[in-house]
Amino acid sequence: MDIPYSLMWLVLSVARGGATCGDLKYRDPAIKGRNVTFVFKPDNYQSELLPILKHHRNNNYFISNAIVRNDQDNHLYYIVLNSTDHGSTSYAVIYGRCCSFWLRIFVYSDQRSTVELGYFPNTAVINNITASYVRQWHNATSSSDMHLSAGHLSESEDPNWEFVLTIHNVDRWMTGNYSVRCTDGRTGGDKFTQPVEIAVIVPSGKPSLHSYNHTSDCEDCLVGIDGKDLDKHIYCHTTGGSVPTIYVGESNVTVHFISNDTYQPLYVARKDDHMKVVTCSVFNAAMVSPLNTSSKLYVAVRPDKAVLNVPELKEGQPANITCTTTGGRPSSTLSLMLNANNMSSIVITTTHYNDDLTYISSIYLNENAKREWHSLKVACYQHTHFFAASYMTEEETIYCRYPPSEIFLEKPVIPSKLQDIYHLVKDFNDNCSLQWTSDKPLLLKDRHPEKRTNLKSMMSILNVSVTKEDFGNVLCCSAVCSSFKRKHDKQGIKETKGASPLPWIAAAVGCLILIIIVAGLVVIVVRKRNVETLETSPGNDDTTYAMVDKPRIKRTPEKTRHVPTKATYDDTLVYADLDIEHLEETSKSVQNKKRSTDSEPVEYVEINFSARAQISESENIYQN
């Protein structure tokens with residue numbers, strides 16, 4: 001079964017120096033916390049001499065506290081050193097008047113299912129076997145004694161007076177300092193050996209890089225911010241307790257531990273670090289080779305403040321209101337605000353890359369200018385992801401030129417031969433003027449229209465002299481504005497018959513005819529009533545007609561003239577002839593007869609009642 005490895009491992013390197021007098025080696029492996037055995041074989045063995053082990057630290061040399069055993073049979077010396085004393089450094093042996101070469105050792109940790117701690121008693125303890133010395137294994141990290149128990153802690157004694165403590169089922173949590181407490185039974189007689197550090201190392205898990213921020217520009221990238229520490233934005237996670245190594249590009253950066261196997265780099269991101277590779281690597285003695293993971297670094301850059309451009313607009317033409325920002329990463333979100341209302345429905349946004357991989361963002365109105373925009377306030381709102389503070393440009397006022405909205409002609413109610421024609425335009429702010437035209441230029445000859453202008457309207461009054469021969473001619477007035485090439489006359493407004501008085505004359509004649517007809521009817525009714533009065537005798541209910549011998553007077557019927565009973569009010573003049581003279585004579589005759597009947601004396605005649613005559617219709621003098 002595979003067993004995790006613990007405690008440190010080191011790679012051997014050799015450094016030589018000084019006058020050598022023998023060969024110095026050490027027994028591999030050198031495990032931290034356990035004894036390291038050096039073997040020294042002198043070139044000129046002298047049994048009375050003992051080698052002295054020294055070590056190098058901070059450019060100084062120190063005598064090492066080691067145990068030397070002489071193997072006279074093989075002319076060798078065994079030098080036993082506790083690796084906890086000095087750890088990884090360089091060692092050499094002084095032998096008489098010469099010195100061996102320097103030997104550098106690297107201590108490594110090898111985690112197995114068990115860990116062994118060795119204890120060599122002092123020589124005085126060994127020689128004084130009658131003394132009551134008590135040996136107790138001690139956990140210096142927790143300041144507690146370690147009691148032997150089957151399957152957990154066991155002790156053995158080697159022939160060379162080395163006592164070995166074996167710790168079973170070691171895991172990473174057993175990392176700490178251990179020692180031996182020794183007492184001779186006297187009060188205050190406790191003595192402790194120098195602590196030995198056990199660093200239990202397990203193979204690290206594969207590291208992983210993570211980012212607190214994310215961007216759609218590069219979904220798999222780590223995200224940092226220009227000028228900010230990366231430790232606030234990215235981290236590396238790995239198990240096993242080993243501190244990883246983090247690189248930004250080729251730079252090895254400082255790493256500090258946070259919690260829960262999380263490590264962060266201490267590095268300030270710069271604009272030039274954009275798209276560099278960040279690598280997190282982990283390696284320890286329990287691993288055969290390092291484990292690495294890498295991701296690209298996306299560096300966000302604060303853009304320049306947005307710039308709003310509001311030119312003079314013309315109604316109906318493209319509204320070239322734009323807002324632009326440069327130098328940002330990622331691209332900024334821009335909004336055009338018209339009187340604090342977002343115009344998102346009629347805008348287009350464009351984005352382009354700069355050579356330094358930053359963005360140019362622009363927004364503009366995708367609609368023609370409207371007169372309703374005149375005098376409104378417009379501003380540009382800017383927001384960039386990863387940067388909390390948004391920006392709003394100063395408000396600018398829109399100036400939009402527009403032509404007249406209303407154009408119409410107006411003429412007086414009562415026409416005259418010399419009449420005024422008015423042309424009025426309303427609601428404009430451009431430099432406009434009114435121009436009169438006609439298909440008969442003589443109508444406008446020597447005519448100078450009167451102009452009246454105020455802030456938003458303009459009137460032109462034209463006095464035109466017309467006759468009936470001008471019927472059908474056209475007068476047209478147009479508004480001409482300097483900012484617009486076309487003329488504005490509102491659906492081609494023109495006056496076609498307003499200059500002719502004939503329709504008014506026809507109406508007056510029609511009214512006169514109607515009056516004459518009514519008067520004639522009244523006269524006829526009065527005459528008929530007078531005739532009926534003459535035919536009836538007063539006071540006699542029975543009327544008898546007698547033969548009257550009276551010369552017949554035959555009247556020649558006069559020519560009948562037709563009187564129109566209906567006047568037309570079209571544009572064509574209609575003439576009507578009335579027999580006014582006949583009507584007047586008839587009226588006088590009736591009145592004279594009435595007066596003669598009332599004033600003349602009554603003439604009596606002899607009437608033959610037995611004889612009656614039939615009067616023909618043609619001889620009836622009372623016939624109407």
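The shortest heavy-atom contact between Ser211 and Cys221 is CB-O, 4.5 Å. When every heavy atom of Asp304 is checked against every heavy atom of Thr325, the shortest pair comes out as O-OG1, 2.6 Å. Scanning all heavy atoms of the two residues, the minimum distance from Val310 to Thr397 falls at CG1-O, 4.4 Å. Minimum heavy-atom separation, Ser281 to Asn292: OG-OD1, 2.5 Å.
To the nearest 0.5 Å, atom CG of residue Leu313 and atom CH2 of residue Trp373 are 7.5 Å apart. For the atom pair CD1 of Ile94 and CZ of Phe40, the computed distance is 10.5 Å after rounding to the nearest 0.5 Å. The CG atom of Asn65 lies 8.0 Å from the CG atom of Leu81; values are rounded to the nearest 0.5 Å. Put simply, OG1 on Thr393 and CD on Glu396 are 7.0 Å apart, with the number rounded to the nearest 0.5 Å.
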Atom pairs and distances, side-chain donor-acceptor, residues 335-346, under 3.5 Å, sequence neighbours left out:
residue: Asn339; atom: OD1; partner: Lys377; partner atom: N; Å: 2.8
residue: Asn342; atom: OD1; partner: Ser344; partner atom: N; Å: 3.1

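Annotation: His233 is not in aromatic contact with Tyr212 [ring centroid separation under 6.0 Å not met]. Between Tyr399 and His374, a ring centre-to-centre spacing shorter than 6.0 Å is recorded. In this structure, the ring of Tyr359 has its center no less than 6.0 angstrom from the ring center of His352. In this structure, His256 has its ring center no closer than 6.0 Å to that of Tyr263. You'll find the ring centres of Tyr77 and Tyr95 inside the 6.0 Å limit.
Under the 3.5 Å distance criterion, the side-chain polar atoms of Glu162 are left unmatched by any main-chain donor or acceptor of Gly118. With Thr193 contributing its side chain and Val180 its backbone, the two residues share a donor-acceptor pair below 3.5 Å. A side-chain donor-acceptor contact under 3.5 Å links Thr239 to the backbone of Gly205. Judged by distance alone, the side chain of Thr141 and the main-chain N or O of Asn177 form a donor-acceptor pair under 3.5 Å.
A side-chain donor-acceptor contact under 3.5 Å links Thr384 and Ser332.
Between Glu250 and Lys276 there is no salt bridge, since no side-chain N of the basic residue sits under 4.0 Å from a carboxylate O of the acidic one. In summary, Arg401 and Glu315 do not engage in a salt bridge, as defined by a charged side-chain N under 4.0 Å from a carboxylate O. With salt bridges taken as basic N to acidic carboxylate O contacts below 4.0 Å, one links Asp23 and Lys25. For the pair Arg329 and Asp226, the salt-bridge criterion is not met [side-chain N within less than 4.0 Å of a carboxylate O]. Salt-bridge check for Lys296 with Asp220: failed, with every basic side-chain N at 4.0 Å or more from each acidic carboxylate O.
For Glu219, the CD atom sits in a loose shell: 12 or fewer heavy atoms of surrounding residues, nucleotides or ligands are nearer than 6.0 Å. Lys54 NZ: more than 12 foreign heavy atoms inside a 6.0 Å radius. For Glu157, the CD atom is densely surrounded, since the number of other residues' heavy atoms within 6.0 Å is greater than 12.
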In sequence, state the C-alpha distance, the side-chain angles, and the governing distance for Val277 and Leu297, and then conclude on side-chain contact (heavy atoms from CB on, under 4.5 Å). CA-CA 6 Å; Val277 177; Leu297 178 63; over 6 Å; no
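In this structure, cysteines Cys21 and Cys99 have SG atoms that are not closer than 2.5 angstrom.
Ring geometry for Tyr26 versus Phe38: interplanar angle of 30 to 60°, hence tilted. The aromatic rings of His210 and His237 sit perpendicular to each other, their planes meeting at more than 60°, with 30° as the lower class boundary.
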